[in-house]
There are 2 protein chains.
Amino acid sequence: MQGKDTDRGIKPFLWFTLYELLNLGAGAGSVKISTTEFSSSLGCSQQSASRHLRLLEQGGLVSRSVSAGGSLIRITEEGLRTLNDVYVGLKDLLEGGEAETYAFEGKVFGGLHEGAYYLCQGDYREQIAEKLGFDPYPGTLNLRLDAADLEKRRKLELMPALQLRGFKDEERAFGSARCYPALINDEVEGALIVAERTTYDLSVMEIISPIYLRDRFNLEDGDIVRVSISSPQRSSP
Amino acid sequence: MQGKDTDRGIKPFLWFTLYELLNLGAGAGSVKISTTEFSSSLGCSQQSASRHLRLLEQGGLVSRSVSAGGSLIRITEEGLRTLNDVYVGLKDLLEGGEAETYAFEGKVFGGLHEGAYYLCQGDYREQIAEKLGFDPYPGTLNLRLDAADLEKRRKLELMPALQLRGFKDEERAFGSARCYPALINDEVEGALIVAERTTYDLSVMEIISPIYLRDRFNLEDGDIVRVSISSPQRSSP
DNA sequence: ATTACTAGCTGTCGAGTAA
DNA sequence: TTTACTCGACAGCTAGTAA
């Protein structure tokens, strides 16, 4: 495997266009701007600005609602992650990157056991084994976060993650997912797994692990479990 | 004036090539790598890698010594600044940029009064008036930093600065310079001024100000003066 | 006023190849 | 082995213009 971690899957010139949109405030919320105005802040022609925006939209990095008098533009979660990847890389390389640790405490709750189904699908299981280095117990532990942790959770959302590809079988399609290697209760290895492209409730964390965590820690619904994630996912030295 | 602060004067695709060089460790010191190896880590052809390196060298962003068996490559100070500019921008926009303050304490020393000569040149004086908002006293205050402050000084060196263009008159050419607005002894406005393209001793800081600082603070050689620089130089909102 | 298509230009790419 | 030239192909740019 020689996969490029730094592969952002975006053309350099489009990355800088996205960066300029962030500069104009399209990261925090929608921004109304015309292609003409945007082209001048970008230092190119109106036509190029228009084309860049279309390409970014196609790539799922911004969302737009085109209307007369300027369009409403907003950088998507994926767009922010694309920008943040470079940020994390630079931080690491320029500041001498101390690996931050994100620690969460969540309450165990029932969940719908959907996770178990996905994990039984051979393809996910293989990818997890390959990328995380363990064979997952066929089920997820669902944790609910306190509202106070949501801001931290949002930041984590932007951090680089290991990607699990989506796939199809005869019956249905499975979306791709991201996962973050984690330490559960400071003892057991596992991972936070986040389904892609779902407007998932950020207060819910699905944890996988090679072992059955409810047994291992004698967990009942409502118990508190600690999840520590260290970031960034370092590339090879 | 509608000058783009974000104008890095570098093509997007070259920026990412520079970023990849940083990834390979060419920021901390020279790195030996062949264009073929580099092209594979860049994900492009050997010809493009070679061309990119030549363009970066022409632009003064990397220095090279081409030799058989791979060239020695190192990112220059200006190259690091180009990367750092984007880093600072992202930090500001993604993390909600608290403006850091760099504070230095330096010992007054004589200096060669070269600075005074430059400041009398009309062009510099005009640019300072325009960009810093004051008419400089025709002379600089020279401070020598403690060795302990040098690391901080090096970091400041990478921060975005106001640019003073170089120029020529009939007799000679004057190089360009960077300056950082500063507060002197927490009371008087002024600026740190750094001549470009000189392998300047980082332990020396040249301070300009609208008034004669030696009188204002009753300074003798060896006295301690405090210089506070807040960064980044925020762009217009 | 917008956004975006078409046409033609320029710059960027990479295979071949020289040094 | 290197690095870097030439040159054909095409991606990205802008001016003009349509919708």
Side-chain angles (χ1 to χ4, degrees), chain A residues 2 4 6-21 24-26 30-76 79 82, chain B residues 2 4 6-21 24-26 30-76 79 82:
Chain A
Q2 44 140 6
K4 297 185 40 10
T6 48
D7 214 342
R8 264 147 272 93
I10 184 180
K11 301 264 181 71
F13 71 90
L14 282 181
W15 189 94
F16 277 98
T17 302
L18 198 60
Y19 177 80
E20 189 60 33
L21 280 171
L24 295 169
S30 291
V31 160
K32 195 180 185 79
I33 194 172
S34 73
T35 53
T36 312
E37 291 173 273
F38 188 43
S39 72
S40 84
S41 76
L42 215 47
C44 70
S45 68
Q46 173 271 323
Q47 293 86 338
S48 287
S50 169
R51 188 162 33 79
H52 283 200
L53 288 172
R54 270 175 284 148
L55 290 169
L56 285 171
E57 190 178 24
Q58 278 173 37
L61 302 173
V62 309
S63 63
R64 280 197 308 170
S65 63
V66 178
S67 61
S71 317
L72 275 174
I73 316 220
R74 162 164 207 163
I75 302 177
T76 63
T82 303
Chain B
Q2 44 141 6
K4 297 182 39 16
T6 48
D7 214 343
R8 263 145 276 97
I10 183 179
K11 301 260 181 78
F13 71 89
L14 282 180
W15 189 93
F16 277 97
T17 301
L18 197 59
Y19 177 78
E20 188 61 33
L21 279 171
L24 295 169
S30 292
V31 159
K32 194 180 185 82
I33 193 171
S34 73
T35 54
T36 312
E37 290 172 275
F38 188 44
S39 73
S40 83
S41 76
L42 215 48
C44 69
S45 68
Q46 172 271 324
Q47 292 88 337
S48 288
S50 168
R51 200 177 46 252
H52 284 200
L53 287 172
R54 269 175 285 147
L55 291 169
L56 286 171
E57 189 178 24
Q58 277 174 35
L61 303 174
V62 309
S63 62
R64 280 198 306 171
S65 63
V66 179
S67 62
S71 317
L72 276 174
I73 316 217
R74 162 163 207 164
I75 302 177
T76 63
T82 303

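- Heavy-atom minimum distance, B/Lys32 versus B/Gly70: NZ-O, 3.5 Å.
- For the pair B/Leu42 CG and C/dC13 P, the computed distance is 9 Å after rounding to whole Å.
- Considering all non-hydrogen atoms of both residues, A/Ala26 and A/Ile73 come closest at CB-O, 3.9 Å.
- Contacts of A/Arg51 with the nucleic acid, taken as non-hydrogen atoms under 4.0 Å apart, include base atoms.
- With rounding to whole Å, A/Trp15 atom CH2 is found 20 Å from D/dG12 atom C1'.
- Distance from the side chain of B/His52 is smallest for C/dC13 among the nucleotides C/dT3, D/dC13, C/dC13.
- Atom pair B/Leu55:CG and D/dC5:P shows a separation of 11 Å (rounding to whole Å applied).
- Residue B/Lys32 is out of contact with every strand shown, counting any heavy-atom pair closer than 4.0 Å.
- Of the listed nucleotides (D/dA4, D/dG12, C/dA4), D/dA4 has the atom at the smallest distance from the side chain of B/Ser50.
- Between the P atom of C/dT2 and the CZ atom of A/Arg64 lies a distance of 14 Å, rounded to the nearest Å.
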- Could you check A/Leu55 against A/Leu61 for side chain to side chain contact (heavy atoms under 4.5 Å, CB included), going step by step and ending with a plain yes or no? CA-CA 9 Å; A/Leu55 290 169; A/Leu61 302 173; over 6 Å; no
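- You won't find any donor-acceptor pair under 3.5 Å spanning the side chain of A/Gln46 and the base of D/dG16, going by distance alone.
- Here the P atom of nucleotide C/dC13 and the CG atom of B/Leu53 are 12 Å apart, to the nearest Å.
- Atom pair A/Phe38:CZ and D/dC13:P shows a separation of 12 Å (rounding to whole Å applied).
- The aromatic rings of B/Phe13 and B/His52 lie tilted to each other, with the angle between the two planes from 30° to 60°.
- No hydrogens or angles were tested; on distance alone, nothing pairs the side chain of A/Gln47 with the base of D/dG12 as donor and acceptor under 3.5 Å.
- Here the side chain of B/Ser45 is nearest to one of C/dT12, D/dA4, C/dG14, namely C/dG14.
- In this structure, CZ of B/Arg54 is placed 11 Å from P of D/dT3, rounded to the nearest angstrom.
- Shortest non-hydrogen contact noted between A/Arg54 and A/Gln47 is NH2-O, 4.4 Å.
- Rounded to an integer number of Å, the gap from CZ of A/Phe13 to P of C/dG11 is 16 Å.
- Nucleic acid contact class of A/Ser48 (heavy atoms, under 4.0 Å, all strands): base.
- Look at A/Ser71 and you'll find a side-chain N or O under 4.0 angstrom from OP1 or OP2 of C/dT3.
- Dashed line: the shortest gap from a side-chain N or O of B/Lys11 to OP1 or OP2 of C/dT12 is under 4.0 Å.
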